[in-house]
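Heavy-atom basis, side chains included; hydrogens, waters and symmetry copies ignored.
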Amino acid sequence: MLRVIFVSVLLKVSLVAPDFTLAHGEFGAAADGRVLELVDELKQAINRMEKARQIDPAAVNQLKELIRRYDWPWRVRLLYDDFTDGEFASNPEWKVMRGDFWVTRGLGLRTVVGDQPVARWGVGERWSKLSRFSSLERLGVLKDFVEQPVKPLRPIEAWQPAQISTRLALGNAFAVRVRMVSREKPQPGARLEFGPFRGSERDWGFRLAYGSGSSSRIELWRITPGRTALIASSQDAIDLEDGRAHDVDWRRDREGNMLVLLDGSEVVRATDRSLNDFFDGFTIANTGGDYTFERIEIFGATP
């Protein structure tokens, strides 16, 4: 009976998803709904057969491998921000913990830490705050633009680390998708990192990091109070400073298996089961480099 189900499933998959290349779960949040429906039905069928002790181990393993390849358990989008509203103060709310972040319309959320100070102009600052005012208040702000001279703000000091965070209830299984641009090679010892955290000090969680100079790599770190531990890193050097936007896709399932894809290609695979609790938010930290985030998406797994 199980082998009949197995053959039937193979036929359905070949009809529903004939063109997908799904090795290592390269299915994405935009997965065809018919395939996900089939995967859910297959899970239920396996559960019923296991309870009824109608088990053919070889066929079950083959069916579970199909589930692994075609499933996308992170089906709840918890956060999406492409910064097209020109600010980061609401929907979702990001808070700068230190350093400097700003939004450039048409580009995204930018952070610069490096040898040269970055000047921020007052007119841009006031313009970015217009969305917080009512229509009448905006008229007053525009009048202020015209009538009062605008002086440049004090430049941000070079090499001042920058960090920004948003509060977010996030389970232990998650998927993070970031589209970003790196404009200059980080100095040795400097890096960009982002990931989920727990606690007011943001010192508990996981980080995906990029940096460390001429042979930059993508790394996965575990963060606990007073201690950081490298989980895994890419085997080959990574170069994001090619003038293009890059897609970073980081996934973690309920068993602690983590996968990082760069522009659709696997760069890091690791397992870490040491942190099995929930998270309070998501943070981005820059200790050296010029980065722009065009889009940030975070997904949670369904129960």
Side-chain angles (χ1 to χ4, degrees), residues 22 24-31 33 35-37 39-44 46-47 64 67-82 88 90-95 97 163-180 193-209 218-225 227-232 247-261 266-285 293 295-303:
L22 303 178
H24 308 305
E26 293 172 15
F27 199 67
V35 177
L36 293 181
E37 183 178 351
V39 167
D40 290 340
E41 292 178 1
L42 182 55
K43 291 178 181 178
Q44 295 170 7
I46 291 176
N47 288 336
K64 288 182 177 180
I67 290 175
R68 187 192 70 80
R69 294 178 62 209
Y70 284 84
D71 195 15
W72 176 263
W74 309 279
R75 304 184 193 178
V76 182
R77 190 162 73 176
L78 303 174
L79 181 144
Y80 177 85
D81 202 341
D82 60 7
F88 56 75
S90 61
N91 195 33
E93 179 185 7
W94 296 86
K95 290 186 177 181
M97 320 309 296
Q163 185 174 18
I164 194 171
S165 303
T166 185
R167 306 297 294 184
L168 179 70
L170 183 63
N172 196 252
F174 57 82
V176 177
R177 284 183 159 177
V178 166
R179 186 169 179 82
M180 57 172 286
E193 60 181 51
F194 55 82
F197 69 85
R198 185 177 181 187
S200 59
E201 300 300 320
R202 302 171 301 284
D203 57 357
W204 189 98
F206 292 107
R207 298 288 186 273
L208 186 150
I218 289 180
E219 303 169 334
L220 285 176
W221 290 81
R222 179 176 62 252
I223 308 297
T224 54
R227 183 179 180 184
T228 61
L230 178 64
I231 300 171
D247 294 308
V248 180
D249 191 339
W250 174 19
R251 307 168 189 173
R252 174 182 167 85
D253 66 19
R254 292 186 178 89
E255 284 71 47
N257 301 307
M258 290 189 281
L259 174 68
V260 180
L261 306 175
E266 178 179 330
V267 291
V268 181
R269 179 180 290 271
T271 300
D272 188 290
R273 300 186 178 93
S274 57
L275 303 182
N276 294 313
D277 216 328
F278 291 87
F279 301 99
D280 298 328
F282 183 83
T283 190
I284 301 169
F293 290 85
R295 183 176 64 250
I296 300 173
E297 294 179 277
I298 302 177
F299 299 85
T302 52

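Contact record, G199 with D280: N-OD2, 2.9 Å, taken as the closest heavy-atom pair. Across L79 and I296, no two heavy atoms sit closer than the pair CD2-O, 3.6 Å. Minimum interatomic distance between T166 and F197 (heavy atoms only, all atoms of both residues): O-CE2, 4.1 Å. The two residues T283 and S165 have their closest heavy-atom pair at OG1-OG, 2.8 Å. Of all the heavy atoms in I218 and V267, the pair that sits closest is CD1-CG2, 4.3 Å. Nearest approach of D253 to E255, heavy atoms of both residues: OD1-N, 2.9 Å.
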Q: List the steps and the verdict of side chain to side chain contact (heavy atoms under 4.5 Å, CB included) for E193 and W221.
A: CA-CA 9 Å; E193 60 181 51; W221 290 81; 5.9 Å; no
Q) Checking side chain to side chain contact (heavy atoms under 4.5 Å, CB included) for the pair T224/L275: CA distance, chi angles, key distance, verdict? A) CA-CA 9 Å; T224 54; L275 303 182; 4.1 Å; yes
Q.
Could you go through R207 and T228, starting from their C-alpha distance and side-chain angles, then the distance that decides it, and tell me whether this counts as side chain to side chain contact (heavy atoms under 4.5 Å, CB included)?
A. CA-CA 10 Å; R207 298 288 186 273; T228 61; over 6 Å; no
(Q) Between R198 and F278, does the side chain to side chain contact (heavy atoms under 4.5 Å, CB included) criterion hold? Intermediate values first, please. (A) CA-CA 7 Å; R198 185 177 181 187; F278 291 87; over 6 Å; no
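A distance-only check finds no donor-acceptor pair linking the side chain of T271 to the backbone of N257 [under 3.5 Å]. Judged by distance alone, with hydrogens and angles left aside, the side-chain atoms of R202 form a donor-acceptor pair with the main-chain N or O of S200 at under 3.5 Å. For the pair W74 (side chain) and R252 (backbone), a donor-acceptor distance under 3.5 Å is present.
For R177 and D249, the salt-bridge test passes: some basic side-chain N is under 4.0 Å from an acidic carboxylate O.
The distance from the CG atom of L259 to the CD atom of E266 is 5.0 Å, given to the nearest 0.5 Å.
With R179 as the partner, the salt bridge (Lys or Arg N to Asp or Glu O under 4.0 Å) test is satisfied by one option alone out of D81, D247, D82: D247. Among W250, F299, F282, the one residue that satisfies the ring-ring contact (aromatic ring centres under 6.0 Å, His included) test with F174 is W250.
Judged purely by distance below 3.5 Å, without hydrogens or angles, the side chains of W204 and D277 never pair a donor atom with an acceptor atom.
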